[in-house]
Amino acid sequence: MIRIFAFFLVVFVTTFIAVWLADNPGEVSIDFRSYRINTNFAVLFGAILALIITSAALVWLIGYLRRETPILGTNSSVKRQARGLKLLNQSLVALSAGDHKLAHKLVNQAEILLPPQPMVHLLAAETASRSGNRQEAVTRYRQLEKMEDGKLLGIRGLLGEAQENGQHSEALRLSRLAFEENRKSPWVLKTLFALEIGAGNWNEAISALDKVAKEGLLDKETVSRHKGAIAYATAMEHSLQGDAAEAQKGFKQALKLRPNFAPATIGLAQIEIKNGKQSKADKLILDAWEKAPRPSLLTLFKDLDPHESKESWLNRLQKLTQRNPKSELSVLAIASAQYEIGNITTARETISKTKTGKRSAKSVQLALKISRAEGNSPNKLEQELAHATDHAVWSCDDCGNTEESWSLLCPSCKGFDTFYWNTDTLKHTHSSKSQKQTIALMSNV
């Protein structure tokens with residue numbers, strides 16, 4: 001409605017001006033050098049209007065030719081790029097559907113139509129990688145690395161290829177290069193940290209861990225625990241090299257950062273034993289057992305006097321287990337020692353302190369052995385044993401792998417510091433939010 005009104009308004013004004021000029025033609029005289037032009041105002045106005053219209057038409061024509069001329073026109077370029085983007089989207093769909101051959105064909109067609117851009121090389125590299133053409137993937141990632149907007153993506157792709165081919169030193173070099181390119185990228189930080197750990201570069205790993213903490217990717221408790229694990233690994237290296245003094249410092253640092261860490265306690269106690277300070281080793285084990293009993297602590301405690309009698313071992317064991325009498329490991333150790341010296345009844349009374357249906361397989365096995373020794377029916381215990389599991393192991397909180405001893409890296413998934421002591425009392429502590437943050441940080445590296 002408004003457009004119709006505007007149209008009639010323009011027609012009305014134009015007609016009014018034309019009629020007014022026809023009724024009032026006026027006279028116009030133009031002198032230019034020796035020339036004189038005499039005309040009326042209406043003719044001059046019409047000539048100027050015609051000139052304006054002609055100029056406007058000429059400008060429109062030039063613009064139209066610049067836009068619509070085949071090959072050279074801007075619209076042709078826009079249409080060509082639109083077709084290229086459509087092919088690029090189709091190649092992405094084909095790649096997602098697993099049709100690598102079609103994806104490769106479409107991305108090559110799109111590359112012809114589109115100007116150089118990271119997305120083309122990224123899709124081409126991913127297509128080549130999934131189809132097994134590693135060489136082309138590397139070539140594409142290198143081209144991507146040369147582009148200002150795609151440098152980090154190129155480095156990431158090359159790093160992934162290096163890891164896939166087992167080129168650990170090259171992967172580490174690329175991770176450091178990526179860090180120089182982007183010092184705050186979570187992926188860069190976690191990759192750099194993981195690779196420094198894998199290479200055994202403990203100082204560099206701690207530096208990377210500090211950067212991870214600075215960016216808020218891990219909380220302080222988790223960072224401290226990881227630093228304790230690295231300190232332990234460093235101490236173990238010194239110990240294997242025969243540098244007992246540095247190893248001792250490392251184990252103490254590990255315990256300072258990570259209290260109640262049994263592997264570090266054992267390492268420190270072994271050094272004290274070698275130094276002839278058995279009483280200090282004894283105290284270390286007793287204090288550690290009071291806070292967190294572990295089978296490895298029990299083994300080392302027994303090795304303090306490997307030639308003692310069974311009765312002497314039971315007496316010394318009681319000194320240890322009194323530090324934490326309610327622990328199932330304490331009860332199991334005492335009951336086993338009592339059984340070994342022939343106190344079957346006492347051993348049965350001791351093992352009965354463990355909770356039926358919730359105790360470990362080792363406790364049930366000992367109870368079954370005692371029951372058979374007394375000539376009792378083992379049916380109930382056999383049924384319990386069929387459903388019992390041994391939680392007294394180190395478990396990887398990432399992949400679920402279990403090991404008898406703690407390890408810095410999980411042998412199964414290569415996760416860093418993912419082992420926790422798998423018991424009902426400690427399970428919730430180690431499966432906390434901070435542990436899940438670490439898993440998220442270190443996964444898929």
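In summary, E384 and R359 engage in a salt bridge, as defined by a charged side-chain N under 4.0 Å from a carboxylate O. Classification of R142 and E145 as a salt-bridged pair fails, no side-chain N sitting under 4.0 Å from a carboxylate O.
The aromatic rings of W394 and F261 sit perpendicular to each other, their planes meeting at more than 60°, with 30° as the lower class boundary.
W406 is linked by a side chain to side chain donor-acceptor pair (under 3.5 Å) to nothing, counting only residues two or more places apart in sequence or in another chain. In this structure, the side chain to side chain donor-acceptor pair (under 3.5 Å) partners of S207, at least two apart in sequence or on a different chain, are K211.
Note that CG of D219 is 8.0 Å distant from CZ of R225, once rounded to the nearest 0.5 Å. In this structure, the separation between CE on M119 and CD on E111 is 13.5 Å, given to the nearest 0.5 Å. L144 CG to L158 CG: the interatomic distance, rounded to the nearest 0.5 Å, is 8.5 Å. Within the model, atoms OG of S360 and CG of L366 stand 9.5 Å from one another, a figure rounded to the nearest 0.5 Å.
Within 6.0 Å of NZ in K302 there are more than 12 heavy atoms belonging to other residues, nucleotides or ligands. In the displayed structure, I4 atom CD1 is contacted under 6.0 Å by at most 12 heavy atoms of other residues, nucleotides or ligands.
By the 4.5 Å heavy-atom criterion applied to side chains, D287 and L284 are not counted as neighbours. Contact of the W187 side chain with the L152 side chain is registered, since non-hydrogen atoms from C-beta on lie closer than 4.5 Å. A 4.5 Å side-chain heavy-atom check between S131 and K101 finds every atom pair outside the cut-off. Counting heavy atoms from C-beta outward, I273 and L300 have side chains that approach closer than 4.5 Å.
A donor atom on one side chain and an acceptor atom on the other are found under 3.5 Å apart for E403 and N401. E136 and N133 share a side-chain donor-acceptor pair at under 3.5 Å.
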Could you go through Y141 and E126, starting from their C-alpha distance and side-chain angles, then the distance that decides it, and tell me whether this counts as side chain to side chain contact (heavy atoms under 4.5 Å, CB included)?
CA-CA 9 Å; Y141 283 130; E126 185 65 21; 3.8 Å; yes
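Side-chain N or O atoms of S224 include none that pairs as donor or acceptor with a backbone N or O of E221 at under 3.5 Å.
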